[in-house]
Amino acid sequence: MPFYEKSEDWLHHSSLLLAARPSSTRITTKYHLSPARRTPKNATPEQAAEDAKKGVRGHLVITTFDPKSGASLKYKTSKAQEVGRLVQMLGNLAGRAAGNIAGEQQQQQLKKEEGGQDVEMGEGAGAGEIGGVATPTTASAPPVSQQAGGGGKGKKKKGKR
Amino acid sequence: MSKHLSQDEFFTALTALFTTQKQTQKGTVLLSQKRLTYDPSQKASSPSPEQQQQQQQQDEEQEDPFLSLSTPLPPAPILIRATNAKSQEGRKEGKKVKLSTVVQPDELDAFYLRYAEVCKAGMSGLKPRDRTKRKAKEKARRKMKAQA
């Protein structure tokens with residue numbers, strides 16, 4: 001369940017997950033707002049007014065979650081200027097999930113990248129991956145069991161960070 | 001089960017959701033999006049366990065991650081949901097707000113443009129861009145000019 005430092009990283013890994021499991025992956029956006037300072041119940045009105053002046057504090061967490069493999073990729077921010085860009089990313093991912101043509105081209109590109117990563121992961125899997133799904137899977141090799149393949153996929157993304 | 005709203009209704013309701021959150025100065029707005037594969041016509045009669053198993057097998061075959069990479073994805077609409085994340089107690093009191101809309105693949109771009117506008121306007125509790133550094137620089141420049 002990694003939190004990514006950069007939204008670009010989140011986008012990249014989310015698109016990989018989405019390409020692997022387009023129909024079960026969902027993307028949630030949580031916008032939470034809370035007072036900047038919590039007013040105690042027994043506070044005087046002046047104190048309460050002062051606390052209210054502090055305003056509110058909000059944050060935004062975007063999560064890509066696939067219930068089948070249990071992979072969950074997150075990005076958190078509290079900057080207002082990122083909202084536009086993040087929604088654009090959501091739109092981009094939605095386009096891929098919907099199977100739009102632009103998304104397919106990117107998927108093919110991703111597929112190539114994925115091929116490279118699989119080799120890399122094959123080596124990494126030997127070095128003690130959790131869960132015992134250490135079968136190095138390449139795009140050409142048939143997966144031993146589909147669920148195990150999926151699990152490996154999720155872990156692969158977790159292992160990257 | 002509530003029905004999906006039209007996009008216009010969805011945006012109006014979402015704006016209202018953001019506004020109430022802003023007024024109370026706390027709370028959550030939860031948005032989610034996923035590919036809509038549910039087909040109500042398939043679920044007309046409840047299938048027998050055998051059929052279910054078959055269906056599951058088929059699903060798994062379809063879900064083969066490598067297969068889905070090699071074959072292009074058939075177009076499907078996107079389901080967008082929004083809630084205020086109220087718990088079960090809130091639900092009993094009728095405080096839970098649930099909205100949903102379906103966006104067709106060719107409408108996605110237009111939808112997300114509006115979606116971005118609504119989100120930008122609604123998420124005003126986030127930190128604005130820090131301009132203090134730039135202002136300080138400008139001040140310093142003005143001072144230099146005044147001295148010269």
Side-chain angles (χ1 to χ4, degrees), chain A residues 18-35 52 55-60 63 68-69 77-88 90-101 103-104 107-108 110-111 114 137 139-143 146-147 149-150 153, chain B residues 18 21-22 24-38 57 59-70 72-82 85 103-109 111-130:
Chain A
L18 203 64
R21 296 193 173 271
S23 52
S24 65
T25 302
R26 63 168 178 257
I27 302 170
T28 51
T29 310
K30 188 170 105 177
Y31 170 59
H32 185 77
L33 206 61
S34 57
V56 290
R57 196 167 288 171
H59 64 248
L60 193 65
T63 311
K68 286 201 171 158
S69 62
T77 185
S78 58
K79 288 179 191 157
Q81 78 246 30
E82 283 197 276
V83 175
R85 195 158 15 113
L86 291 177
V87 176
Q88 208 185 343
L90 290 177
N92 185 335
L93 291 171
R96 290 180 195 193
N100 277 0
I101 301 156
E104 273 169 34
Q107 263 183 19
Q108 278 168 4
L110 284 169
K111 196 178 142 196
E114 181 113 301
T137 46
S140 57
Q146 273 147 9
Q147 274 191 339
K153 208 143 251 294
Chain B
F18 275 127
Q21 186 200 23
K22 220 178 287 177
T24 53
Q25 298 209 334
K26 60 180 179 184
T28 305
V29 173
L30 206 62
L31 309 161
S32 95
Q33 60 178 58
K34 78 185 292 278
R35 181 179 160 87
L36 183 63
T37 44
Y38 170 69
Q57 272 182 353
D59 280 352
E60 273 176 24
E61 273 164 32
Q62 280 173 0
E63 282 307 305
D64 178 3
F66 302 114
L67 198 73
S68 61
L69 278 174
S70 50
L73 210 58
I78 296 285
L79 172 66
I80 313 270
R81 288 195 180 115
V103 189
Q104 297 303 324
D106 51 337
E107 295 167 354
L108 274 173
D109 287 345
F111 177 86
Y112 270 91
L113 278 179
R114 280 183 75 186
Y115 197 44
E117 289 305 312
V118 171
C119 287
K120 268 191 239 171
M123 297 175 185
S124 56
L126 301 173
K127 266 187 258 168
R129 194 189 287 271
D130 189 10

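Values in this document were obtained by computation on a predicted structure and should not be read as measured data.
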Using non-hydrogen atoms and a 4.5 Å limit, figure out which bit of [X] sits close to chain A: side chain, backbone, both or neither.
X        : result
B:Ile78  : side chain
B:Phe111 : neither
B:Pro128 : backbone

Can you confirm whether more than 12 heavy atoms, excluding those of [X], are under 6.0 Å from its [atom1] atom?
X        : atom1 : value
B:Arg81  : CZ    : no
B:Asp109 : CG    : no
B:Lys22  : NZ    : yes

Interatomic distance, [X] atom [atom1] to [Y] atom [atom2] [nearest 0.5 angstrom]:
X        : Y        : atom1 : atom2 : answer
A:Gln81  : B:Lys127 : CD    : NZ    : 10.0 Å
A:His32  : B:Met123 : NE2   : CE    : 13.0 Å
B:Arg129 : A:Glu82  : CZ    : CD    : 9.5 Å
A:Leu33  : B:Lys26  : CG    : NZ    : 11.0 Å
A:Gln88  : B:Leu113 : CD    : CG    : 8.5 Å

Taking all atoms of both residues into account, what is the closest heavy-atom pair of [X] and [Y], and its distance?
X        : Y       : answer
A:Arg26  : B:Lys34 : CB-CB, 3.8 Å
B:Tyr115 : A:Val87 : CD2-CG1, 3.8 Å
B:Tyr112 : A:Ala94 : OH-CB, 3.4 Å

- Taking the side chain as every heavy atom from C-beta outward, state whether B:Leu126 and A:Tyr31 have any atom pair closer than 4.5 Å. yes
- Query: Do A:Thr29 and B:Leu30 touch side chain to side chain, with heavy atoms closer than 4.5 Å?
  - Reply: no
- Using a cut-off of under 4.5 Å on heavy-atom pairs, state which of B:Ala76, B:Ser32, B:Gly27 scores highest against chain A. B:Gly27
- Taking B:Gln104, B:Glu117, B:Gln21 one by one, which has the highest count of heavy-atom pairs under 4.5 Å against chain A? B:Gln21
- Task: Select, from A:Ile27, A:Val83, A:Leu86, the one with the greatest count of heavy-atom pairs under 4.5 Å involving chain B.
- Result: A:Ile27
- Short side-chain to backbone donor-acceptor contact, B:Gln33 and A:Leu90, under 3.5 Å: yes
- Item | Per-residue contact mode, A:Leu60 against chain B (heavy atom under 4.5 angstrom) | both
- Message: Which atoms of A:Ser78 are under 4.5 Å from chain B, going by heavy atoms: the side chain, the backbone, both sets, or neither?
- Response: both
